[in-house]
**Student:** 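I'd like to ask some things about the structure below.
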Amino acid sequence: MDTEIDEQALKIIIREVILEVLRERRVLVLFTGALVGSEDSMNGLRTLANAGVQLDAVFTPSAKRVIPEHFYADIPLTDVTEHLVSDHRVLVVPTMTTNTVAKIAHGITDSLATNVISEFIMLNRPIVAARDAADPDMPEKQAWFPSMPPAWAAMLRQNLQTVASFGVAFCDAQDLATQTLAILDGPETGVMSNGFGLPAGVVPVVIDKTVIGRKDLMVLPNGSRVHMSPNTIVTALARDYAKANQIALEVRKGS
């Protein structure tokens, strides 16, 4: 009888330890070589650091070439070279390239970035990625490429939708911190299907915009939850798209 009680107590202790580890305020920050939106993303990383989040960082070779060092010199980043996936439950990609999105969309894992992202996807762990450099509808992207052929833009949108369907939470670079904190601090967030028998939950996507249009929802997987402020206006096309794709539009508590 005593042995049974001890075993049950041990199970409870192990479960609590696992939950504590999963709630750790530590993320892996993966930089790829995208410049569009990078300044907003860096501000988001500063916000996370100020909120007490440990930022373990890894740079791809292209990120080292493209992103000026002074963009992130004042951010407390801890360089990591091993246990990139096993030691982290949340992945943040502040500078996501179109190349990386395209490869992930087609299951190509031939680089550091694509291998890390694909492993997080296959382990069903939260991924937050700034979409600015990969989304043809972002204003800065359009400013860089004003004559982009419609067919090419459609291909980029499709790649984003495919990757989003894998569970990647795309957001505007300026919302990077808000989205990441929602995952770290949410009651269900990060406790995803993980082989430990812990409760599963849909990570809410925070969209801090005055107006939410259909394009804002097109990069989200079916069944997503969107948190917005009470004053946010949702266009009719966006509501129709949300209904057709089982996307829940919810007013954020405390807003």
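Only a predicted model underlies this, so the values are computations on that prediction, with no experimental measurement involved. As a basis for the values below, the full set of heavy atoms in this structure was taken, side chains included, without hydrogen atoms, waters or symmetry mates. The chain is numbered in sequence order, starting from 1.
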**Student:** Take Leu84 and Leu112 through the side chain to side chain contact (heavy atoms under 4.5 Å, CB included) test and state the conclusion after the steps.
**Tutor:** CA-CA 10 Å; Leu84 303 181; Leu112 170 65; 3.9 Å; yes

**Student:** Taking Gln158's backbone N and O only, do any of them form a donor-acceptor pair with Thr162's side chain (distance below 3.5 Å, no angle check)?
**Tutor:** yes

**Student:** Using modelled atom types only, decide if a donor and an acceptor are shared between the side chain of Thr47 and the backbone of Asn43 within a distance under 3.5 Å.
**Tutor:** yes

**Student:** If the condition is side-chain hydrogen bond (donor to acceptor under 3.5 Å, both in side chains), which residues does Asp40 pass it with, not counting sequence neighbours?
**Tutor:** none

**Student:** Just so I know, are the side chains of Met42 and Ile75 near enough to count as touching, which here means a heavy-atom distance under 4.5 Å?
**Tutor:** yes

**Student:** Return the minimal non-hydrogen interatomic distance between Tyr241 and Leu217, and the atom names on each side.
**Tutor:** CE2-O, 3.5 Å

**Student:** Side chains of Leu184 and Val53: does their closest heavy-atom pair fall under 4.5 Å?
**Tutor:** yes

**Student:** Kindly write out the residues that satisfy side-chain hydrogen bond (donor to acceptor under 3.5 Å, both in side chains) with Asn50, not counting sequence neighbours, or none if the list is empty.
**Tutor:** none

**Student:** Distance from Met122 atom CE to Phe166 atom CZ, nearest 0.5 Å?
**Tutor:** 11.0 Å

**Student:** If the condition is ring-ring contact (aromatic ring centres under 6.0 Å, His included), which residues does Phe120 pass it with, not counting sequence neighbours?
**Tutor:** none

**Student:** Flag the pair Glu250 / Val226 as yes when at least one side-chain heavy-atom distance between them is below 4.5 Å, and no otherwise.
**Tutor:** no

**Student:** With the threshold set at 4.0 Å, does a side-chain nitrogen-carboxylate oxygen contact exist between Lys141 and Asp135?
**Tutor:** no

**Student:** Could you tell me whether the side chain of Arg214 and the main chain of Ala242 form a donor-acceptor pair under 3.5 Å?
**Tutor:** no

**Student:** With side chains defined as the heavy atoms from C-beta onward, is the minimum distance between Arg225 and Leu249 less than 4.5 Å?
**Tutor:** no

**Student:** Would a distance-only check, ignoring hydrogens and angles, find a side-chain to backbone donor-acceptor pair under 3.5 Å from Glu39 to Gly37?
**Tutor:** no

**Student:** Is a donor on one side and an acceptor on the other found under 3.5 Å between the side chain of Ser118 and the backbone of Ile104?
**Tutor:** no

**Student:** How close do Leu160 and Ala134 get, heavy atom to heavy atom, and via which atoms?
**Tutor:** CD1-O, 3.5 Å

**Student:** Check the pair Val116, Val58 against side chain to side chain contact (heavy atoms under 4.5 Å, CB included), reporting the backbone distance first and the verdict last.
**Tutor:** CA-CA 10 Å; Val116 169; Val58 59; 5.8 Å; no

**Student:** Provide the closest heavy-atom pair for Ala173 versus Ala130 in the form atom of the first, atom of the second, distance.
**Tutor:** CA-CB, 3.9 Å

**Student:** Under the ring-ring contact (aromatic ring centres under 6.0 Å, His included) rule, collect the residues that match up with Tyr72, sequence neighbours excluded.
**Tutor:** Phe59

**Student:** Consider only side-chain heavy atoms of I, L, V, M, F, W and Y, link residues closer than 4.5 Å, and tell whether Met228 and Ile233 are in one cluster.
**Tutor:** no

**Student:** Salt bridge between Asp216 and Arg131, side-chain N to carboxylate O under 4.0 Å?
**Tutor:** yes

**Student:** Determine which pairs satisfy salt bridge (Lys or Arg N to Asp or Glu O under 4.0 Å) with at least one residue from residues 56-80, sequence neighbours left out, and list them in order.
**Tutor:** Arg26-Asp56, Arg46-Asp74

**Student:** Quick check: closest heavy atoms across Thr32 and Ser62, and the distance to 0.1 Å?
**Tutor:** C-OG, 4.4 Å

**Student:** So which heavy atom on Leu55 is nearest to which on Leu45, and how close?
**Tutor:** CD1-O, 3.5 Å

**Student:** Could you walk me through whether Met96 and Asp132 pass the side chain to side chain contact (heavy atoms under 4.5 Å, CB included) check?
**Tutor:** CA-CA 8 Å; Met96 177 77 93; Asp132 297 45; over 6 Å; no

**Student:** Using atom types as modelled and distance alone, determine if a side-chain donor or acceptor of Thr180 lies under 3.5 Å from a backbone N or O of Leu176.
**Tutor:** yes

**Student:** Could you check Val80 against Leu28 for side chain to side chain contact (heavy atoms under 4.5 Å, CB included), going step by step and ending with a plain yes or no?
**Tutor:** CA-CA 9 Å; Val80 290; Leu28 178 64; 3.8 Å; yes

**Student:** Only one of Asp110, Thr97, Thr98 clears side-chain hydrogen bond (donor to acceptor under 3.5 Å, both in side chains) with Lys103; which?
**Tutor:** Asp110

**Student:** If you round to the nearest 0.5 Å, how far is NE2 of His227 from CD1 of Ile207?
**Tutor:** 11.0 Å

**Student:** I need the minimum non-hydrogen distance between Thr60 and Ala113, along with the two atoms involved.
**Tutor:** CG2-CB, 3.8 Å

**Student:** Are Ser41 and Ser38 linked by a side-chain donor-acceptor pair shorter than 3.5 Å?
**Tutor:** no

**Student:** With heavy-atom distances below 4.5 Å as the criterion, would you say the side chains of Gln142 and Pro136 are in contact?
**Tutor:** no

**Student:** For Arg25 and Ala51, indicate whether the former's side chain and the latter's backbone hold a donor-acceptor pair under 3.5 Å.
**Tutor:** yes

**Student:** First locate atom CG of Leu35, then atom OG1 of Thr95, and finally report the distance between them rounded to the nearest 0.5 Å.
**Tutor:** 9.0 Å

**Student:** For the CD atom of Gln174 and the NZ atom of Lys209, what is their distance to the nearest 0.5 Å?
**Tutor:** 7.5 Å

**Student:** Under 3.5 Å, side chain of Thr109 to main-chain N/O of Asn115, donor-acceptor pair present?
**Tutor:** no

**Student:** Enter the distance from Gln179:CD to Leu48:CG here, rounded to the nearest 0.5 Å.
**Tutor:** 11.0 Å

**Student:** Ser229 vs Thr232, test: side chain to side chain donor-acceptor pair (under 3.5 Å). Steps then yes/no.
**Tutor:** CA-CA 5 Å; Ser229 69; Thr232 298; 2.9 Å; yes

**Student:** Under the rule for salt bridge (Lys or Arg N to Asp or Glu O under 4.0 Å), what residues qualify as partners of Asp240, not counting sequence neighbours?
**Tutor:** none

**Student:** Rounded to the nearest 0.5 Å, what separation is found between the CE atom of Met138 and the CH2 atom of Trp144?
**Tutor:** 13.5 Å

**Student:** Evaluate the side-chain proximity of Val93 to Val128: yes if any heavy-atom separation is below 4.5 Å, no if none is.
**Tutor:** no

